[in-house]
Every structure is written in structure tokens, then in C-alpha cells.
2 protein chains.
Amino acid sequence: MSQAWHEELQADVRSGARVGDRDIADKVRRAVLMQRLPPGTKLPEVTLGEVFGVSRSVVRKALTRLASEHVVDQRPNQVARVRAPSIEETRETFAARRLVEGEVVALLAGRLSAETLDALRLQANEETEAHRRGDEPARIEHSLNLHHLLAEHSPNRVLGGMLTDLVLRTSIVVALYKRSGLSSCYQEAQHERLVELLAAGEADAARGAIHDHLLGLEALLDLSPRESRIDLKSILGQSPAT
Amino acid sequence: MSQAWHEELQADVRSGARVGDRDIADKVRRAVLMQRLPPGTKLPEVTLGEVFGVSRSVVRKALTRLASEHVVDQRPNQVARVRAPSIEETRETFAARRLVEGEVVALLAGRLSAETLDALRLQANEETEAHRRGDEPARIEHSLNLHHLLAEHSPNRVLGGMLTDLVLRTSIVVALYKRSGLSSCYQEAQHERLVELLAAGEADAARGAIHDHLLGLEALLDLSPRESRIDLKSILGQSPAT
DNA sequence: GGGGCATTTTCTGTATACAATGCCGGTATG
DNA sequence: CATACCGGCATTGTATACAGAAAATGCCCC
């Protein structure tokens, strides 16, 4: 017990500001995204409560929220654990996201305000920049921001909400299944191209661009069905770094 | 206070079986679907707790669950209320469902086992039968079952989960916006045709059938932007039947 | 009679205590 | 040696108490 992630999560918990379930969920989600909390990590309610200085009630709500986002597994009478999406689920998540995000960008093409387009360009450029200087966390951040912006501005808010969920889920599995040798999943200028297609109102081309972008991303992963380092870990119930 | 819905929900709550959050959510969801609980109805935690004989903790979990299903609105420091989807959201929900369910049936075509096909046919026939004898609740039940089966058997489980959510949401808005004169939203033999297309493996035709089916359903609703009997109610915060 | 303010009431947010359950060890036994 | 059983421990499930926010009520003044 008492691993590193306590301090990781704690961050700036003190300093007055009362922490709510939203804050806890954010911190944990972020930690999962950053691979600070590997799949299978146990998240006991009291422990989290102590870390954040709140009682189980709040932690519970946070965990429930994360469970509905498919970030953690919450089984009755068992400790909540960081979820380990299977290879099959990973493929399905990508397929779903291609469908949904494709439709969203098609709807979005030609309907974006100048400000929104600028915001998108900003994120794309910042991503490229971060990649150039090798700052991978920042790169991921900006990439996520960009897709998040797309979801938020979806004319169809229902699809937008679904896309938000799918972006998160794919990000998690990308972090999980990234080929070990690979430093980054950056794909040269694809986001920039997408944004310009959106600006130009090329709906079908934009859908195609997203489609290819996501296929390319999936191809960068190691989804060979080798004997599950992941499943083993979660089945054996090992807590990491012990 | 103390309206009819107390007894509606209570049903067979006594008789030993310990009631959990799942049960409560099921009962409330059903009641919303059946229009027993009109949009805007307040659902205070203590009241529900008394009705079901459990404490607020359990009720809370049930409400959170329903909120994540978009059945109720849960705002901080305010009473949870039955959600009133806007006309715009209704259109968007239908559009999203056309996209997702279209894809699901296309994936499903030709891949269904004989047993599943029989189960689908059964629901389709029961629906027609129920319509014939004017039993609308039963008709809705079987229609829902059919679409639920489609979602459950989706080869892509991620899309399947999204479809489950969308089916529920569309059902709610159908109940809400059904043209008042209309006794039923049954569309002659469309489900039967769909099932046979699935059996025959006609992916594109099946997608088209679902598409048309859903367009037809949406067309049966009254989505004219008239001065919102619904929005007024929820804005004025009226509890019904008072 | 109507609008604004204070009070009261209702309801949710959080913490905590106790019950119930699952997990993990030791131990005995075939 | 493998396996089944059993008891203690860790952790979640549920109920409840108290604090704080919002809404409903009533009152006063205009």
C-alpha cells in the first residue's frame, strides 16, 4: 500500500477550496489518462477520502461518476478498480467513435464561427508545437482539447455528448495499448488539415479525414491478442509497484 | 402533495424482498415512460425513501443513475425532477438514434442466430397483436423489447450501449410529444419487415428500414414550436394535479 | 392591492456509525 | 501435497444526524 499515487492525486488539495466529487473525478480521470493509475489499481473509498480530505460519501459519488464514464469498474461489495478495456472493446470503441465523430464533423463543416475556428487552429498548432519540443503530456492535452471542442460545438448536442464520452474512452485505451517503443501518437498535420476542411465547409472530406485520422491512430496501437499482460494483472488482483 | 403516483410506484414493495437502487430506478423509469410521472414532477429523496421503505442513500443512488440515463434532472441543492426534453433535443435524439441504430442493424444483418431471430419475431408479433386488441402499454413494451434485443446483440457492444440509452430517450420523448388525438404510434408491419431483412442479411436495406421507421415515428409526433406547454410547466415549477 | 423582505420550512450535502459482505490467511484433513 | 474449511480483517452497503442552501410562506410597508 501507500504508493506514489497518493501524492500524485493530492496535488493542491489543501488551501481552503472545498473539494467536491467533480474535483476528485477530474483528478482520478486525469491520473488514469496519464497512466499514473494503471488498470486494475484498487481505489478504496476510505483511502481516497483521506487523500482528498473528504468522507466516503463524496468519494462514492465521484466513483459512481467515473463508473458511468467507463473509467473505473464498480462491482457490488468490491473495491472499485481502474478499468482495463479489452482489445476487442478497444476496436469497438474506435469503430463507434469513427461513426459518431465522422457525423459530427460532417454536421460541423461550414457552420463554425470564426472564433471557434481560431480556437481549433490554436489547439492544433499548440499540439504540433508541443510535439516538436517533445512535451508529450502537453501534446495530449491539446489534442484532447481539440476533439473536445468539436464535441462541444456539435450542432447535435446528443451526438456531442456521446462523442465526449468516446473521446475519453479512446484516449484511455490509446494510453494503454500504445506500442511501447512509440514516444508519441502524433500524426503529422492531420488536425490542421481537418480544421481547414471544416472551415471550407467540405463535409464529406472532413468525415473522411476524421475517419482516416482515427484509423491511423488505431493502427499505431499494439492490439495483437497476445496473452494479456493486462488481464493477468487484473485477474491476479496485483496492486502495482509492490 | 401526496398525489396518486405514490401508490403507482409502491406496487409490490412490501413482501420481504429488499429493494435496491436498481429497483427504484426501474420503477421510476417505467412510470416516466408510462407518463405516470409528467415532466417537471418533483422527486424528493425522503418521499421516495418512504414510498419504497429505504433510506435516502439508496434513493440517491437511484436518482443519480436515472440522471445519467437522462431521465431526471439533478441540479445541485435542488429537488430532482422528471426531465422535460425540448423539441430541439427530441429532433437531435432521433437523428442520433438513426445514425447509431442504422449502423447496429447493418452490423447485425446476417449474423443473428436462429434463436435470436425467433425472439425478435416473437416481439414483433406480440406487438402487432397487442396493437390489434388496443392494448397500448403492452404494445409499447414489446416494441421496446425488440429494440432492446437489437442493442443487446450488437456485435459492437459500445454502440449497443449507446443504442440502449437512445432507445430509452426516444421512448420518453415519444410519450411526451405524441399527438394528442393519436392512440398509438404503431407503424404497420415495419418491425416484421426489419427482422426479415436482418434474417436475409440485407445490411443496407436493414439500415434503410430502420431509418425510415424512425423518420416515420418522428413524423407522428407533434414537434411544432408552439408556446411550450412543457417549458412553461417546468419554468413555473408547478407540481402537477395540485 | 402589490412588491419586497424576513422568517420558516423543506430539502439536499456531508459526515459518521453500524451491519453485511467478500477476501485472505491459517489450519486441518484426505 | 493439494484442497476444503473456517475465522479475522478489510471494505462496501445502509441508515441516520446535523449543517447549509433553496424555496415557500407570511408580513409589512407602500
Side-chain angles (χ1 to χ4, degrees), chain A residues 1-3 5-6 13-14 16-26 28 37 40-68 72-83 233-240 242, chain B residues 1-3 5-6 13-14 16-25 28 37 40-68 72-83 233-242:
Chain A
M1 289 287 172
S2 88
Q3 290 101 343
W5 60 272
H6 284 192
V13 169
R14 41 199 156 271
R18 283 223 319 277
V19 23
D21 59 302
R22 180 94 54 164
D23 306 294
I24 299 180
D26 287 347
V28 174
L37 300 177
T41 307
K42 295 195 290 188
L43 302 172
E45 300 176 355
V46 281
T47 311
L48 282 178
E50 285 163 6
V51 169
F52 287 100
V54 295
S55 82
R56 284 178 53 208
S57 326
V58 187
V59 175
R60 241 175 136 66
K61 236 201 292 198
L63 287 175
T64 308
R65 187 191 289 290
L66 290 169
S68 83
V72 306
D73 240 5
Q74 221 181 4
R75 307 256 258 308
N77 291 320
Q78 272 171 253
V79 194
R81 300 163 97 94
V82 177
R83 227 169 86 88
K233 252 202 236 166
S234 73
I235 286 172
L236 297 179
Q238 288 289 34
S239 71
T242 310
Chain B
M1 291 284 172
S2 90
Q3 292 100 342
W5 60 270
H6 284 192
V13 169
R14 41 199 157 268
R18 282 219 320 276
V19 26
D21 59 302
R22 181 93 55 164
D23 305 294
I24 299 179
V28 174
L37 301 176
T41 307
K42 295 195 291 188
L43 301 171
E45 299 175 355
V46 281
T47 311
L48 281 178
E50 287 164 5
V51 169
F52 286 101
V54 294
S55 81
R56 282 178 54 210
S57 327
V58 188
V59 174
R60 239 175 138 67
K61 235 199 297 197
L63 286 175
T64 311
R65 194 199 236 30
L66 290 169
S68 82
V72 306
D73 241 3
Q74 221 181 4
R75 303 254 255 318
N77 291 321
Q78 272 173 254
V79 196
R81 301 163 96 93
V82 177
R83 227 170 86 87
K233 254 203 234 164
S234 71
I235 287 170
L236 297 178
Q238 289 288 33
S239 72
T242 309

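The sequence lines fix the lettering, A, B, ..., with proteins before strands; numbering per chain opens at 1.
C:dT12 atom C1' lies 14 Å from atom CZ of B:Arg81, rounded to whole Å. In this structure, CG of B:Leu48 is placed 13 Å from C1' of C:dT12, rounded to the nearest angstrom. Distance, B:Lys42 NZ to C:dT9 C1': 12 Å, rounded to whole Å. When the C1' atom of D:dG13 is taken as reference, atom CD1 of B:Ile24 falls 13 Å away, rounded to whole Å. Taking atom CD on A:Glu45 and atom P on C:dA20, their separation rounds to 18 Å, with Å as the unit. Atom CG of B:Leu63 and atom P of C:dG13 are 10 Å apart (whole Å). For B:Asp23 and D:dT14, the CG to C1' distance is 15 Å, given to the nearest whole Å.
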Polar atom pairs between nucleotides 14-16 of chain C and protein, under 3.5 Å, N or O only, would you list them?
unit_1 : atom_1 : unit_2  : atom_2 : d
C:dA15 : OP2    : A:Ser55 : N      : 2.8
C:dA15 : OP2    : A:Ser55 : OG     : 2.8
C:dA15 : O5'    : A:Ser55 : OG     : 3.4
C:dA15 : N7     : A:Ser57 : OG     : 2.7

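Under the side-chain hydrogen bond (donor to acceptor under 3.5 Å, both in side chains) criterion, B:Thr64 pairs with no residue at all, not counting sequence neighbours. Under the rule for a side chain to side chain contact (heavy atoms under 4.5 Å, CB included), the partners of A:Asp73 that lie at least two apart in sequence or sit in another chain are A:Arg75, A:Arg83. Looking at residues two or more places apart in sequence or on another chain, you find no side-chain hydrogen bond (donor to acceptor under 3.5 Å, both in side chains) involving A:Asp23. Remark: B:Arg56 pairs with B:Glu45 by the side-chain hydrogen bond (donor to acceptor under 3.5 Å, both in side chains) rule, at least two apart or across chains. Taking the side-chain hydrogen bond (donor to acceptor under 3.5 Å, both in side chains) definition, one finds that A:Ser57 meets it with A:Ser55, sequence neighbours left out.
Annotation for B:Arg81 and B:Gly40: closest pair NE-O, 3.6 Å, computed over non-hydrogen atoms.
Where A:Gln78 and B:Val79 each meet DNA chain C at their nearest nucleotide, the meeting point lying more 5' is that of B:Val79.
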